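Everything below concerns the one structure shown next.
Scope of the values below: all heavy atoms of this structure, side chains included, with no hydrogens, waters or symmetry mates. Chain letters run A, B, ... following the sequence lines, proteins first and then strands; every chain starts at 1. Only a predicted model underlies this, so the values are computations on that prediction, with no experimental measurement involved.
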Protein chains: 2
Amino acid sequence: MVSIHQRIFEDIEARIMSGVWLPGHRIPFEHELVKEYQCSRMTVNKALSALAERGMIIRRRKVGSFVAARQIDRTVMDIRDISTEAELAGHDHSYTILMRKIETLDAATATQLGEQAGAEILRLQCLHAVDGKPHALERRIIMLAMAPSARTENFASVPPGKWLLDMVPWSKARHVIRAVSADAATARLLETERGEACLTLIRQTWRSSRTVTYVEIIHPGDRFQFASDFHPTEKSVTEQLPRRSAT
Amino acid sequence: MVSIHQRIFEDIEARIMSGVWLPGHRIPFEHELVKEYQCSRMTVNKALSALAERGMIIRRRKVGSFVAARQIDRTVMDIRDISTEAELAGHDHSYTILMRKIETLDAATATQLGEQAGAEILRLQCLHAVDGKPHALERRIIMLAMAPSARTENFASVPPGKWLLDMVPWSKARHVIRAVSADAATARLLETERGEACLTLIRQTWRSSRTVTYVEIIHPGDRFQFASDFHPTEKSVTEQLPRRSAT
DNA sequence: TCTATCTATTTGTATAGACAAAAGCGGATC
DNA sequence: GATCCGCTTTTGTCTATACAAATAGATAGA
């Protein structure tokens with residue numbers, strides 16, 4: 001039992017995905033689809049608007065709707081908290097806080113983060129293990145002004161990444177993935193060779209244009225990779241249970 | 001000049017993003033918003049449906065609409081063709097085809113790709129340079145059964161990645177990002193040290209569950225990184241000019 | 001020839017009204 | 001208490017209609 005607009009959506013989507021309608025091809029005008037599907041224009045419009053919203057077609061007044069140039073290579077990557085990721089994959093996750101101290105932001109780091117030097121920060125270093133083997137080294141800075149409750153949190157039971165996501169709202173995130181060679185200290189902690197290629201994820205999150213946290217997560221290259229499947233068509237169904245209101 | 005449904009959308013979005021309405025919070029019922037904005041229910045419905053489509057709220061009949069749990073850490077990563085990327089950044093891009101030969105798929109590679117050994121493939125190796133410096137080594141396999149026109153294409157004027165995107169439809173892609181140490185051959189081509197950390201992107205694309213192409217793109221770690229900004233709210237505006245129809 | 005204006009077409013937005021589907025809730029019954 | 005039934009609320013879909021905005025193409029004018 002599907003609705004009409006959904007059927008129109010899927011019919012057109014299928015023709016685009018299968019290559020029957022190639023990029024640039026003009027999709028029937030709304031009034032033509034109205035005739036074809038025996039429904040009102042609003043219904044057709046809803047279907048086409050959804051396709052446009054999804055980037056599959058482009059619509060221009062007086063001109064028509066066209067199959068969009070292939071959305072070349074934009075992919076959605078799930079970048080999860082390590083503990084969440086390990087759990088999902090059915091692995092065992094543990095972590096150790098190696099360092100936790102409150103200091104003030106030095107000039108160099110401040111510039112790097114785009115913040116004022118002298119701001120009070122919590123600096124954390126944390127070693128994650130999956131199934132007993134070192135899996136990632138986390139170096140984190142938390143701006144205490146943006147997350148004051150971090151001052152008294154010892155992260156004994158919840159790892160900092162997860163804790164922050166639950167406790168501190170953010171509005172923008174920046175991710176950078178790079179490959180670096182392990183320096184001596186990192187190699188020792190990760191139980192790998194010095195110079196070994198490591199996959200580093202850097203994440204900086206902001207709330208109203210002020211940094212909330214900055215973190216580097218360094219994975220040994222032989223034990224970790226990012227992967228994502230991408231179906232250009234798929235809806236992002238991320239049903240999240242609101243069964244009980246948090247009032 | 002914004003439409004009403006857009007204003008409703010943005011008002012609610014802003015309250016969610018700022019943390020005024022936390023996850024689990026009940027959003028006013030449609031009829032309440034109708035009163036507040038002095039508009040019809042269809043208009044309110046459009047705004048709320050869009051928010052739901054975007055995953056920011058969850059709607060349940062008879063119950064209401066609720067702010068969704070924070071979409072923790074899903075980020076959209078633009079993984080573009082190298083030449084496109086370079087152009088966008090205003091850099092100069094050139095490439096050399098190092099190898100181009102037609103062979104049959106050996107057993108090991110076939111297993112890796114999930115295809116039948118013995119299939120005819122085009123094997124390519126291509127060195128990309130940006131602003132005159134080696135930037136990436138591309139090792140590609142094209143399944144000739146899925147892209148027969150590749151047989152006669154010499155990729156002299158259009159790099160293989162771009163050519164494939166334009167010419168060959170695909171329905172699914174898989175991306176893997178990993179860090180590896182450069183072996184001797186790779187290091188020489190990329191003009192870097194052996195053992196240097198490299199950022200490798202692997203992409204495999206399928207059409208109707210058969211591989212179209214498989215490619216490894218190896219970047220020197222000191223000259224490349226993946227980066228993406230993520231605003232949980234933002235629409236994915238990928239305006240692509242259809243000015244001239246390709247009929 | 002070039003420019004400004006008009007016109008027709010297509011999409012975008014909005015409305016009021018209708019009914020359907022889902023689901024919480026209370027009451028009746030066993 | 002457990003189960004079923006019907007009531008009510010809220011969202012989901014659809015229609016018919018209307019006008020606005022954009023704009024390609026035609027037309028008129030300089």
*Considering just the side-chain nitrogens and oxygens of R60(A), establish if one lies under 4.0 Å of OP1 or OP2 belonging to dA22(D).*
no
*Shortest non-hydrogen contact between M146(B) and T211(B), atoms and distance*: CG-O, 3.2 Å
_Nearest-angstrom distance from the residue atom CD of E30(B) to C1' of dT13(D)_ = 11 Å
*Spacing between R7(A) atom CZ and dG12(D) atom C1', to the nearest angstrom*: 18 Å
*Under 4.0 Å from any atom of DNA chain C, heavy atoms only: list the residues of residues 36-51 of chain A that qualify, in numerical order.*
R41(A), M42(A), N45(A)
*Who are the salt bridge (Lys or Arg N to Asp or Glu O under 4.0 Å) partners of K62(A), not counting sequence neighbours?*
none
*Which of these passes ring-ring contact (aromatic ring centres under 6.0 Å, His included) with H135(A): H91(A), H219(A), H128(A)?*
H219(A)
*asked:* Using the side chain to side chain contact (heavy atoms under 4.5 Å, CB included) criterion, which residues pair with F29(A)? Sequence neighbours excluded.
replied: R26(A), H31(A), E32(A)
_Per the salt bridge (charged side-chain N to carboxylate O under 4.0 Å, His left out) rule, what does the pair list look like for residues 36-47 of chain A, sequence neighbours excluded?_
E30(A)-R41(A)
*To the nearest angstrom, how far is I58(B) atom CD1 from dT10(D) atom P?*
19 Å
Under 3.5 Å, which N/O atoms of the protein pair with N/O atoms of nucleotides 3-9 of chain D?
from: dT8(D); atom 1: O2; to: K62(B); atom 2: NZ; distance (Å): 3.4

_Whole angstrom value for the distance that separates C1' of dA24(D) from CZ of R59(A)_ = 17 Å
*Let me know, please, whether S3(A) or S65(B) comes out on the 5' side of the other along DNA chain D by nearest nucleotide.*
S65(B)
*For Q116(A), does the CD atom sit with more than 12 other heavy atoms under 6.0 Å from it, leaving out its own atoms?*
no
_salt bridge (charged side-chain N to carboxylate O under 4.0 Å, His left out): pairs with one or both residues in residues 14-24 of chain B, sequence neighbours excluded_ = none
_Using 30° and 60° as the class boundaries, would you call the ring planes of F224(B) and F226(B) parallel, tilted or perpendicular?_
perpendicular
*What is the distance from CD1 of I4(B) to P of dA21(D), rounded to the nearest Å?*
13 Å
